[in-house]
Amino acid sequence: MDRAELTTEQVLKRDIPWETYMSTKLINSTSLQLLRRYDKRPESQRASLLEDDGPAYVRVFVNILRNISKEETVEYVLALIDDMLTANPKRARLFHDKSLSDEDTYEPFLKLLWKGNWFIQEKSCKILSTIVSVRPKVYNGMALNEESSDSKSKLTTIHDVLTGLVDWLCSQLRNPSHPTRSVPIAINCLATLLREAPVRSLFVQADGVKLLIPLISPASNQQSIQLLYETCLCIWLLSFFEPAVDYLSTTRVMPRLVDVIKGSTKEKVVRVVVLTFRNLIPKSAFAAQMIDLGLPQIVQSLKAQAWSDEDLLEAINQLEEGLKDNIKRLSSFDKYKQQVLLGHLDWSPMHKDPGFWRENINNFEENDFQVLRVLMTILDTSTDPTALAVACYDLSQFIQYHPGGRLVASDLKAKDRVMKLMNHDNAEVRKNALLSVQRLFLGAKYASFLQA
């Protein structure tokens with residue numbers, strides 16, 4: 001059978017020769033006794049054994065994973081642990097029992113993440129994520145796995161575990177080992193792990209945030225709805241972490257979230273997206289996007305629906321108030337800047353409004369002419385004819401209205417960029433590229449005579 005398609009139930013039907021392992025000294029007699037009592041028993045009997053002697057079973061399972069490399073046996077023990085935790089997730093706390101303080105309970109799972117077949121990797125990730133998420137955050141006044149100066153044994157530190165998990169999860173999102181299960185298991189584990197600030201930091205450092213964005217799109221079937229919900233949950237958790245928020249501001253996360261909330265009737269999906277909006281709205285860049293994308297109108301539609309969750313209703317009302325406040329204070333330049341930074345240029349009225357350019361021309365000097373530099377990048381890299389035409393037009397307006405516009409544009413090599421576009425396939429691009437070139441050559445003194 002293809003091991004990528006193995007199930008826990010299929011694996012647990014195997015008979016493992018525990019006696020042989022004892023005769024070859026891979027397990028001791030105590031372990032054999034414990035295994036004989038536990039293996040192939042009904043859940044009620046196993047529950048009683050774990051209640052009485054849970055940490056001893058954890059020790060046996062962990063030692064087998066460390067000492068025995070036979071694939072069938074490793075799969076079997078992982079299936080036993082997975083079955084144990086699925087029946088009662090609280091049993092994950094057994095791995096942190098004080099009697100196991102000398103046992104490196106994380107290390108075998110961490111190694112198996114990268115060594116085993118898909119069944120082994122998936123179970124190791126699921127188990128490791130579960131047990132690490134329930135660890136006591138402080139233990140005898142000291143962070144768990146924090147090594148004291150006189151410690152002789154080097155246990156796997158919690159930083160090692162979290163780093164290893166984040167690396168593996170990002171690798172599955174980039175290059176899935178399994179065509180249908182890699183991404184769901186990675187997102188499911190991240191939705192648990194990102195509750196912790198250290199994991200958020202590691203995830204941003206691993207450049208993982210961008211891997212979530214393509215997964216945010218309206219879902220139809222139950223499986224894809226769950227994946228969408230857990231992806232949005234990850235974004236919500238990251239919205240509490242400033243470096244992640246800074247990164248998100250450079251992505252298309254907002255249009256995607258707005259598309260989701262427009263098309264979703266699942267209350268849990270709507271709730272997590274609304275809560276994300278509520279977290280992000282204090283950031284002016286996000287507020288401008290929300291308004292441009294029509295979120296105020298969408299919020300009115302949401303308010304008219306019958307939601308059973310009072311927390312959701314409260315969050316919708318808070319979002320509405322936040323949007324109203326931002327509409328009052330958001331300048332036209334903030335909206336324009338957001339369009340440029342995201343590369344979403346279209347012929348909105350401000351571009352051809354002389355008042356906009358007169359009132360805001362000095363704002364273009366912010367951050368060493370950041371907006372103008374991004375316009376140059378759009379001219380270089382965009383494949384959207386409308387964006388290119390608008391960028392050319394805006395460059396011509398900058399040259400006309402800014403006292404040093406021609407000089408600044410020349411320093412940024414604007415002439416070479418727009419001259420290339422004079423041969424573009426699209427007539428609108430050619431027309432506005434010509435306008436920019438004329439203004440670059442004529443300068444501000446004569447530019448006002450040229451008509452767009």
Side-chain angles (χ1 to χ4, degrees), residues 246 249-252 254-255 283-289 291-293 330-452:
D246 290 342
S249 69
T250 68
T251 71
R252 285 187 54 80
M254 195 55 62
K283 302 285 180 184
S284 62
F286 286 110
Q289 282 188 75
I291 293 162
D292 283 346
L293 291 164
L330 199 60
S331 73
S332 56
F333 186 73
D334 286 325
K335 294 179 184 176
Y336 173 81
K337 181 179 177 181
Q338 196 57 42
Q339 272 193 24
V340 175
L341 294 182
L342 287 168
H344 302 160
L345 291 177
D346 55 32
W347 289 113
S348 52
M350 71 180 89
H351 295 277
K352 295 200 173 184
D353 177 8
F356 166 79
W357 291 98
R358 278 194 296 270
E359 291 165 17
N360 293 290
I361 196 64
N362 291 331
N363 291 330
F364 280 80
E365 297 174 10
E366 291 175 3
N367 298 323
D368 193 23
F369 294 94
Q370 180 195 23
V371 169
L372 195 65
R373 290 174 186 277
V374 177
L375 277 176
M376 297 298 105
T377 303
I378 291 170
L379 292 175
D380 272 342
T381 61
S382 180
T383 56
D384 176 14
T386 301
L388 289 170
V390 175
C392 287
Y393 180 83
D394 288 359
L395 174 61
S396 74
Q397 297 302 94
F398 173 78
I399 295 165
Q400 177 178 343
Y401 286 95
H402 194 282
R406 184 183 181 197
L407 188 62
V408 173
S410 296
D411 285 347
L412 294 176
K413 308 284 191 296
K415 185 171 72 174
D416 295 342
R417 291 176 164 97
V418 290
M419 286 189 77
K420 286 179 186 174
L421 294 173
M422 287 174 65
N423 297 317
H424 197 276
D425 294 341
N426 183 276
E428 192 176 36
V429 174
R430 292 197 301 272
K431 171 189 164 186
N432 287 285
L434 175 61
L435 180 64
S436 284
V437 169
Q438 288 172 329
R439 287 185 171 161
L440 272 165
F441 280 112
L442 289 171
K445 184 177 178 182
Y446 303 103
S448 58
F449 295 105
L450 295 170
Q451 298 301 311

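Computed from a prediction, not measured in an experiment: that's the story for all the values here.
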Roughly how far apart are [X] [atom1] and [Y] [atom2], rounded to 0.5 Å?
X    : Y    : atom1 : atom2 : value
L395 : K415 : CG    : NZ    : 13.0 Å
L342 : T250 : CG    : OG1   : 8.5 Å
R417 : L412 : CZ    : CG    : 7.0 Å
Q338 : D334 : CD    : CG    : 8.5 Å
E428 : L388 : CD    : CG    : 10.5 Å
M419 : L421 : CE    : CG    : 11.0 Å

For [X] and [Y], work out which heavy atoms get closest and say how close.
X    : Y    : result
W357 : M350 : NE1-O, 3.8 Å
N432 : A389 : CB-O, 3.5 Å
V418 : L440 : CG2-CD1, 3.9 Å
A387 : I378 : O-CG2, 4.2 Å
S436 : I399 : O-CD1, 4.2 Å
Q339 : S348 : NE2-OG, 3.0 Å

List the steps, then state whether side-chain contact (heavy atoms from CB on, under 4.5 Å) holds for L379 with M376. CA-CA 5 Å; L379 292 175; M376 297 298 105; 3.9 Å; yes

Can any side-chain N or O of [X] pair as donor or acceptor with the backbone N or O of [Y] at less than 3.5 Å?
X    : Y    : result
R430 : H424 : yes
R406 : R439 : no
T377 : R373 : yes

Q370 and L341: CA distance, side-chain angles, deciding distance, side-chain contact (heavy atoms from CB on, under 4.5 Å) verdict: CA-CA 9 Å; Q370 180 195 23; L341 294 182; 4.0 Å; yes

Test side-chain contact (heavy atoms from CB on, under 4.5 Å) on C392 and L435; report intermediate values, then the result. CA-CA 8 Å; C392 287; L435 180 64; over 6 Å; no

Between E365 and H402, do the side chains contain a donor N or O and an acceptor N or O under 3.5 Å apart? yes

Is the closest side-chain donor-acceptor distance between D394 and Y336 under 3.5 Å?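 Short answer, yes.
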
Does the side chain of V408 come within less than 4.5 Å of F398's, by heavy atoms?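 Contact flag for F398/V408 side chains = yes.
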
Note, L345 side chain near V340 side chain (heavy atom, < 4.5 Å): yes

Give the C-alpha distance, both sets of side-chain angles, the deciding distance and a yes or no for side-chain contact (heavy atoms from CB on, under 4.5 Å) between K352 and Y393. CA-CA 9 Å; K352 295 200 173 184; Y393 180 83; 3.8 Å; yes

Distance flag, aromatic centroids of Y401 and F356, threshold under 6.0 Å: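 They do not qualify: ring centres at least 6.0 Å apart.
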
